[in-house]
Amino acid sequence: GAVVSQHPSWVICKSGTSVKIECRSLDFQATTMFWYRQFPKQSLMLMATSNEGSKATYEQGVEKDKFLINHASLTLSTLTVTSAHPEDSSFYICSARAAAGGGRDTQYFGPGTRLTVL
Amino acid sequence: GDSVTQMEGPVTLSEEAFLTINCTYTATGYPSLFWYVQYPGEGLQLLLKATKADDKGSNKGFEATYRKETTSFHLEKGSVQVSDSAVYFCALSYGNKLVFGAGTILRVKS
């Protein structure tokens, strides 16, 4: 149980275009989802926390107009990188926390999405 | 603020060697502690966790004990395999967020 999927697993786009990444909890409901960014050989950096039905909370230094987050349902959150530029190239990872039950303090991670902006 | 410090890698071991990856934390209150593993080309997977002092988390031969007195959560395995080669992240959860350590690369040679 506790499977989180991401789509796409990798994407290449041209500079100036927008890219949408989906994060789904497949077998549980997630009131809270998190979006991370991971640079090569580095740890995960939390970008934002999204709660179902409300606006996302962004970490300091993360541009909310560039990284649009929508948490439309208890099983789906999306991250849209708007007007992407090469410096946005990275590995984006989402995680989800269960709405109820003993696993509420545990985040389950998606497999990540590799974004390359040309 | 809350933080996690892991030993720097990479750690290179021969198959069947004993593994220890040190992890210490700084936190107000009593966080839950986690070890996550990231295999090459994959996302993070929860390896084990402990939610209170003296709890021992274990999974796949790995174990770690929540030591409040030393604020530590060291990861151990008695006999590593080549398939254990990965990046290991120690993390704490306090409130809504996970705070990760920098990660430790483990390489196991046959």
Side-chain angles (χ1 to χ4, degrees), chain A residues 1-10 21 23-26 28 30-52 54 56-60 62 90-99 101-114, chain B residues 1-11 21 23-25 27 29-53 55 57 59 64 66 73 85-107:
Chain A
V3 177
V4 176
S5 70
Q6 279 185 243
H7 179 80
S9 55
W10 58 271
I21 302 169
C23 175
R24 293 182 186 272
S25 56
L26 298 185
F28 66 100
T31 50
T32 306
M33 288 185 170
F34 304 84
W35 287 95
Y36 295 84
R37 186 172 177 177
Q38 186 180 28
F39 293 97
K41 298 182 181 180
Q42 294 188 29
S43 189
L44 283 72
M45 181 191 81
L46 179 65
M47 299 175 65
T49 302
S50 76
N51 292 295
E52 186 263 337
S54 63
T57 302
Y58 290 81
E59 296 299 299
Q60 193 171 5
V62 178
S90 193
F91 196 52
Y92 292 88
I93 303 172
C94 75
S95 70
R97 192 169 68 189
R104 271 179 295 176
D105 64 340
T106 301
Q107 291 184 29
Y108 299 95
F109 285 79
T113 296
R114 173 75 59 195
Chain B
D2 300 339
S3 66
V4 176
T5 303
Q6 288 180 237
M7 62 186 291
E8 288 190 25
V11 174
I21 300 178
C23 171
T24 56
Y25 67 91
Y30 304 100
S32 295
L33 301 174
F34 304 82
W35 277 100
Y36 283 87
V37 58
Q38 185 177 33
Y39 297 102
E42 299 183 15
L44 270 73
Q45 299 176 27
L46 176 65
L47 181 60
L48 54 85
K49 70 175 186 179
T51 58
K52 61 183 187 297
D55 266 3
N59 186 25
Y66 190 144
F73 194 54
S85 298
V87 183
Y88 291 82
F89 292 93
C90 184
L92 67 82
S93 173
Y94 186 60
N96 205 30
K97 300 178 186 178
L98 268 176
V99 176
F100 286 91
T104 302
I105 298 172
L106 171 65
R107 297 183 181 135

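Per chain, numbering begins at 1; letters A, B, ... match sequence-line order.
With a 6.0 Å radius and a threshold of 12 heavy atoms from other residues, nucleotides or ligands, Glu8(B) has its CD atom at or below the threshold. For Tyr39(B), the OH atom counts as densely surrounded, since its 6.0 Å shell holds more than 12 non-hydrogen atoms of other residues, nucleotides or ligands.
No side-chain heavy atom of Leu44(A) sits less than 4.5 Å from a side-chain heavy atom of Tyr36(B).
Nearest approach of Gly101(B) to Ser43(A), heavy atoms of both residues: O-OG, 2.6 Å. Scanning both residues, Lys97(B) and Gln107(A), for their nearest heavy atoms gives C-NE2, 4.2 Å.
If you measure heavy-atom distances from Leu44(B) to chain A, the contacts under 4.5 Å come from both the backbone and the side chain. Only the side chain of Phe89(B) comes within contact range of chain A, with heavy atoms under 4.5 Å apart. At a 4.5 Å heavy-atom cutoff, the contact between Gln38(B) and chain A is made by side-chain atoms alone. Of the two parts of Gln6(A), neither the backbone nor the side chain holds a non-hydrogen atom closer than 4.5 Å to a non-hydrogen atom of chain B.
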